Amino acid sequence: HYEEWDEILPPRSAPTIRNPGQQLDFERFSSDAVRDHLRAEAAVLAEVTPGIPRTTNFMVAQNVRDIDYPTWVDDVDFVSNDHYLRPGEFGRDDLSFWANLTGNIAGGLPWFLMEHATSAVNWREVNTPKRSGELVRDALTHVGHGADAVCYFQWRQSRAGGERYHSGMVPHAGENSRVFRDVVALGGALRDLSPVTGSRREKARVAIVVDYESWWVSGRDAHPSDSPAYDDETLAWYRALLDLGVRADVIPVGAAFDGYEVLIAPMLHVMPDALRSRLEAYTDAGGHLITTYFSGIVDENDRVWLGGYPGALRELLGVMVEEFVPLLPDERIALASGAVAHGWTERIVHVGDDVEVLDTYADGDLAGAPAVTRRRLAAGGSATYVSADIGRDGVRAVLTGLELNALAGDPRSAEGRLDVIERGDGEARYVFLSNRTDDEVAAPVAGDVLVGAAAASGVVTVPPRSAVVVRVAR
């Protein structure tokens with residue numbers, strides 16, 4: 001407790017470990033301080049330009065975790081976002097993940113893609129250009145998740161200054177260039193998608209929960225290991241769902257859970273009593289919860305829930321973990337299923353009578369101990385616990401093994417090669433098929449093709465690294 005401002009020292013770097021509870025308070029304070037600045041500017045605009053909608057560019061993305069953007073929604077008239085593609089083959093799925101979350105921060109309503117890049121940026125160690133087709137596909141993936149505007153930085157690529165090597169709509173090469181031709185093609189696609197404007201995201205049957213405070217706290221120092229990465233763990237589950245052809249929503253932790261048949265909450269580390277109650281009510285109503293290692297560990301003040309891990313979720317999951325068993329960088333632990341744990345494992349010493357052990361550790365000090373468990377509840381719901389970092393492949397096997405209807409693959413995904421995204425209005429659904437591969441992919445979708453090649457006999461062909469949009473009447 002503080003009584004005077006001069007009693008407060010921000011958690012600066014020090015030769016000792018900083019107060020974890022104070023760090024969390026300071027992170028909340030910092031996010032709220034920037035929000036107060038937004039409110040001050042919005043108040044000026046409300047006076048000077050009354051009646052004109054106000055927004056600001058959020059940065060809902062993997063490399064920006066300092067601001068709890070879901071708490072800002074009430075301070076703007078509509079949500080806007082900046083997003084820059086992560087390099088590497090997982091970049092396309094990472095883009096879809098954060099666009100998905102942005103759409104759900106906006107409550108399913110349309111939002112604006114305020115800023116992204118036509119090709120390479122200038123601020124990474126290596127700045128690779130987008131490949132053929134990716135400019136259009138990346139933009140349309142945002143549109144599928146609810147964006148009603150697609151804006152770029154920058155119009156003409158600068159001749160001078162620190163951002164002169166950041167791509168633009170008109171690059172240094174001028175209009176006779178691949179980038180400019182792709183920009184023109186995107187303009188034509190957006191014109192053809194005018195009927196989509198104003199429609200909402202179609203709700204999925206599965207949701208992944210994102211909690212900024214768990215992201216802040218789980219990645220701190222003075223923990224059992226520096227290995228766990230909240231954003232990588234949540235993305236691994238999203239990618240596994242895409243691999244299986246399962247359409248999922250990425251929702252902020254404050255969103256309603258009802259209506260989702262499966263709720264996935266990776267590394268939900270910060271667990272206030274109210275959140276525990278919401279998860280218990282969800283499973284009591286027949287929902288299926290899946291959570292992972294390092295979840296339920298601390299309360300809203302970053303104080304550990306006593307009695308064994310996973311802390312506040314111990315009774316709901318029906319297991320008790322005696323201690324964490326983090327792994328050294330070169331260590332690997334096999335599971336009986338063939339999955340491989342790296343970075344993190346846990347010693348589960350108690351499993352309730354109503355809990356089924358789905359997988360066990362196969363070697364090392366934990367050989368024979370439970371690794372993945374599932375508790376079935378009387379109302380038909382269940383609570384599954386994954387106690388190890390088993391990566392995208394292991395996660396995919398867990399999801400398949402649960403045999404839940406909501407986790408069955410969508411035929412339109414062509415066995416996970418297409419990211420299936422939906423918007424809709426009262427008359428139609430708009431199905432966006434974003435190609436995750438370098439190959440041409442055919443998918444069974446009957447409807448009017450708005451963007452892409454015409455469909456033949458109810459089959460749509462999606463070119464490599466491209467996207468097709470189909471209007472399907474309700």
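Quick caveat, the model's predicted, so the values are computed rather than measured.
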Self-check item: Qualifying salt bridge (charged side-chain N to carboxylate O under 4.0 Å, His left out) pairs, either residue in residues 289-309, two or more places apart
Solution: Arg220-Asp302
Quiz prompt | Test applied, ring pair (Phe, Tyr, Trp, His ring centres under 6.0 Å); reference residue, His116; option that passes from Tyr84, Phe153, Tyr152 | solution =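 In the set Tyr84, Phe153, Tyr152, the residue that makes a ring pair (Phe, Tyr, Trp, His ring centres under 6.0 Å) with His116 is Tyr152.
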Quiz item: For Glu346, which of Tyr385, Tyr293, Tyr309 qualifies under side-chain hydrogen bond (donor to acceptor under 3.5 Å, both in side chains)?
Solution: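 Among Tyr385, Tyr293, Tyr309, the one meeting side-chain hydrogen bond (donor to acceptor under 3.5 Å, both in side chains) with Glu346 is Tyr385.
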Name all residues meeting the ring-ring contact (aromatic ring centres under 6.0 Å, His included) criterion together with [X]; count only those two or more places apart in sequence or in a different chain, and write none if there are none.
{"X": "Tyr361", "result": "none"}
{"X": "Tyr69", "result": "Phe58, Trp72"}
{"X": "Phe90", "result": "none"}

Please round to the nearest 0.5 Å and tell me the distance separating atom [atom1] of [X] and atom [atom2] of [Y].
{"X": "Leu193", "Y": "Arg191", "atom1": "CG", "atom2": "CZ", "result": "10.0 Å"}
{"X": "Leu399", "Y": "Leu407", "atom1": "CG", "atom2": "CG", "result": "5.5 Å"}
{"X": "Ile333", "Y": "Leu335", "atom1": "CD1", "atom2": "CG", "result": "9.0 Å"}
{"X": "His145", "Y": "Asn100", "atom1": "NE2", "atom2": "CG", "result": "4.5 Å"}

Residue pair [X] / [Y]: nearest heavy atoms and the distance that separates them:
{"X": "Ala204", "Y": "Asp249", "answer": "N-OD2, 3.2 Å"}
{"X": "Gly380", "Y": "His288", "answer": "O-CE1, 3.2 Å"}
{"X": "Pro10", "Y": "Phe26", "answer": "CB-CE1, 3.6 Å"}
{"X": "Ala265", "Y": "Ser295", "answer": "O-OG, 4.0 Å"}

Self-check item: Row check, Trp305 ring normal vs Arg276 NZ/CZ: under 6.0 Å, within 45°
Solution: yes
Quiz prompt | Residue pairs, two or more places apart or on separate chains, that pass ring-ring contact (aromatic ring centres under 6.0 Å, His included) and touch residues 256-282 | solution =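 Applying ring-ring contact (aromatic ring centres under 6.0 Å, His included) to every pair that reaches into residues 256-282, excluding sequence neighbours, yields His223-His269, His269-Phe294.
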Self-check item: Selection residues 407-418 - residue pairs positive for side chain to side chain donor-acceptor pair (under 3.5 Å), sequence neighbours left out
Solution: Asp410-Arg412, Arg412-Glu422
Quiz item: With no hydrogens and no angle check, is any side-chain donor or acceptor of Asp148 less than 3.5 Å from a backbone partner on Gly198?
Solution: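 Yes; judged by distance alone, with no hydrogens or angles, the pair exists.
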Exercise. Apply salt bridge (Lys or Arg N to Asp or Glu O under 4.0 Å) to the pair Arg18 and Glu27, showing each step before the final yes or no.
Key: CA-CA 13 Å; Arg18 291 169 288 181; Glu27 285 161 332; over 6 Å; no
Self-check item: Residue Glu323 excluded, over 12 heavy atoms near CD under 6.0 Å
Solution: yes
